[in-house]
2 protein chains.
Amino acid sequence: MSFRRKPTLNDIARESGHSIATVSRALSQPALVQPDTLQRIRDVALRLGYVPNRKARALASGHSDTIGVVVPTLNSPIFSSTLQEMQRACAANGYQLLIASHEYDPASEAAALGQLLSHGVDGLAVVGAERPQASWAMIEAANIPIVQMWEGREGHDRVIVDSFQAGYLVARYLLDIGHTRIGVICGRLQSNDRQQARVNGIRAALQEEGLPLARTQISEQPLTIAAGRSGCTTLLEMVPRPSAIIGTADLLAIGGMIEAQARGISVPSGMSFAGIDNVDVAAHLSPSLTTVDIPAASIGTETAALLLRRLTERAPEAEAAIRLPITLVVRHSTARPDRP
Amino acid sequence: MSFRRKPTLNDIARESGHSIATVSRALSQPALVQPDTLQRIRDVALRLGYVPNRKARALASGHSDTIGVVVPTLNSPIFSSTLQEMQRACAANGYQLLIASHEYDPASEAAALGQLLSHGVDGLAVVGAERPQASWAMIEAANIPIVQMWEGREGHDRVIVDSFQAGYLVARYLLDIGHTRIGVICGRLQSNDRQQARVNGIRAALQEEGLPLARTQISEQPLTIAAGRSGCTTLLEMVPRPSAIIGTADLLAIGGMIEAQARGISVPSGMSFAGIDNVDVAAHLSPSLTTVDIPAASIGTETAALLLRRLTERAPEAEAAIRLPITLVVRHSTARPDRP
DNA sequence: AGAAAATATGAAAGCGTTTACATAACAAGG
DNA sequence: CCTTGTTATGTAAACGCTTTCATATTTTCT
């Protein structure tokens, strides 16, 4: 094995007796060169084991074949499946995913955005619309296609689900089957417009029945099963005790349900539990979890498709707002309350 | 808002009256310029809203401040937490993660590796050691630090866990408490050395007792809860029926356990279930799942640390093989068998 | 004070591509 | 046969930054 440095276009040009320009064209726009030269150049390239240098290509051409994604966390079944689908779609079209996460910290998100933009991503996908003015300014300045996922404001493309409606649906269902004392375990509301919207949806449903949603009915927690358990513990001290608990994320609802069962409360006869997300495990729990299905994977698919479209279109189309449907999935963790 | 193009070093040079070289130094090696010029340049840079162009920087300097990671799938609690930690550590040191996944397909993995290398990543993290010769050749040729995660062969740095031992531990435990008819639900074995090793570990433990591990005792499945259920269904047809089932991934064990319960088999009194991974939910199931803890997050942390060290060290240190401890976690999904 | 060493800056040559623009060759149209 | 169009190739100028080398300036030492 020789320790020659990597072959470049120049090497191929020299070896093949063609100019570097022709070589470049042969490799990236084969239609522009004659079949036999094309063949000769390709042979040499193969023999030398040429691999294009995308840094140089990016610098010269202005695009990097790279799409940036900023998510709150990688460690979530929801964002994972979105990312998985984005990755699939992007890879299939020759794009790489540059992924950053920020743990729900606006400052970290700003830093991540800065990094991605300075890396010259061709497109950007972000979660939600709530971010400091400075972050939005950076995005504007970059002047590249951007898609907001989950939540999104006017002004940019977006692939969204109605989180408010998700909250509303699940609360409305519990009310409909007779619950009036409802507790809520939700994620940290600050800098998280999805969680805010879900809680607001719940509040709206309660208000329709003239019921308030007091602070004492809500427990704000990190988004883990363990946190769901402790949230449940807190809510169990409400007087009167809630007859149903909504977790604004399945993990919270699952944790809550487990905690209740551990304390000898039977679900759903003693207490109902419902979540939002419809994670994989929800269908398999005992009892299976009533929840609202959020098409996380589709968000990834649609976002990638939209971004790829923007990256190839000639005349900019109108702003897109793709709204994906959510559906209440009634399972066995909810039932009519004992008696009021 | 003007539509000026992005400011470059040249713009700053002109505005500040310094040479572009000095400006470059001021921005990337501040120690080399005098305090007052430094100040002046920084002021101008700030005023112009200068953002360095990493593509150009990468081309000129030869490194991209980017680390490539190739995982089988993003949609797995295990890899998610590894990635999450890598992301955290890398971001803290100014590196971005370029993530690719390949759904356990060697060809896709090769393609992904090619993309990442051609993007000029400064370092690489991959899962496992089993890949086509051609893929290894590409990696060698790139001549950048690489870390194998989970499994790894000699020849490159690695941060590994003993998957064989994981399988062995859980099987040994079941044997110790008296089980002799053991079924296994495992992931696809092809191109997945972790799954292979886990199964081999189980086989080794059985052999110590003179027990075989026949093909009929094994059900190979995708790595999902639903697949675990169907794997369990298959194994229940073994005669005699197994008294314990090992899922070589928690998701499989969980699925299996749920299926058994759905069929009226009580766990663990009627049948024992054990997994490997120790995913979040395992501790909270009913019954809680006996499993082997795999420090997925630590793998991420250690890999990132190792990679970052390699990227800054002067003299290349000796090859590192960091072996992280795994531990059997006995919970309530396992018990002595009824009677032989 | 003079020589040697350290420090701060500038000029310019890349880094490996892409891409106008120019040129040459060749086919078609009158 | 000469003009006009095509088509294939080459020349050279970016792209925005880093970095070597040379130069000018200041400090340190004898």
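Atom set for the values below is all heavy atoms of this structure, side chains included, hydrogens, waters and symmetry mates excluded. First the proteins, then the strands, lettered A, B, ... as listed; each starts at 1. Every value quoted in this text rests on a predicted model; they were computed, and no experiment measured them.
With sequence neighbours left out, A/Thr303 forms a side-chain contact (heavy atoms from CB on, under 4.5 Å) with A/Met86, A/Ala125, A/Val147, A/Met149, A/Val159, A/Ile299, A/Leu307. Checked against side-chain contact (heavy atoms from CB on, under 4.5 Å), B/Ser28 has the following partners two or more places apart in sequence or in another chain: B/Ser24. With sequence neighbours left out, B/Arg153 forms a salt bridge (charged side-chain N to carboxylate O under 4.0 Å, His left out) with no residue at all. Residues passing the side-chain contact (heavy atoms from CB on, under 4.5 Å) test with A/Arg131 are A/Glu109, A/Leu113, A/Val126, A/Ser135, A/Trp136, A/Ile139, sequence neighbours excluded. In this structure B/Glu313 satisfies the salt bridge (charged side-chain N to carboxylate O under 4.0 Å, His left out) test together with B/Arg310, sequence neighbours excluded.
A/Val71 places a side-chain heavy atom less than 4.5 Å from the side chain of A/Leu83.
No side-chain donor from either of A/Ser298 and A/Thr301 sits under 3.5 Å from a side-chain acceptor of the other. With 3.5 Å as the limit, one finds a donor-acceptor pair spanning the side chains of B/Glu103 and B/Thr73. For the 3.5 Å distance criterion, the side chains of A/Ser64 and A/Asp122 qualify, holding a donor opposite an acceptor.
The span of DNA chain C lying next to chain B, judged by atoms under 4.0 Å from heavy atoms, is bounded 5' to 3' by C/dA8 to C/dG16.
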>> Within the 4.0 Å limit for protein heavy atoms, which parts of nucleotides 15-23 of chain D are touched? Write it as a string from 5' to 3', B for base, S for sugar-phosphate only, - for none.
In response: BBBBBB---
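With rounding to whole Å, A/Gln34 atom CD is found 12 Å from D/dT7 atom P. With rounding to whole Å, A/Asp36 atom CG is found 10 Å from D/dA8 atom C1'.
Pairs passing the ring pair (Phe, Tyr, Trp, His ring centres under 6.0 Å) check and including a residue from residues 72-94 of chain B, sequence neighbours excluded, read B/Phe79-B/Trp150. Screening residues 43-64 of chain B for salt bridge (charged side-chain N to carboxylate O under 4.0 Å, His left out) gives B/Glu15-B/Arg47, B/Arg54-B/Asp65 as the qualifying pairs, with residues at least two apart or on separate chains. Listed by first then second residue, pairs satisfying ring pair (Phe, Tyr, Trp, His ring centres under 6.0 Å) with a partner in residues 91-111 of chain B number zero, not counting sequence neighbours.
Comment: B/Glu319 engages B/Arg158 in a salt bridge, judged by a side-chain N to carboxylate O separation of less than 4.0 angstrom.
Residues from residues 37-44 of chain B that place a heavy atom under 4.0 Å from any atom of DNA chain C, listed by number: B/Thr37.
Rounded to 10 degrees, the angle separating the terminal helix axes of the helix from C/dA1-D/dT30 to C/dG30-D/dC1, each built from five base pairs, is 30°.
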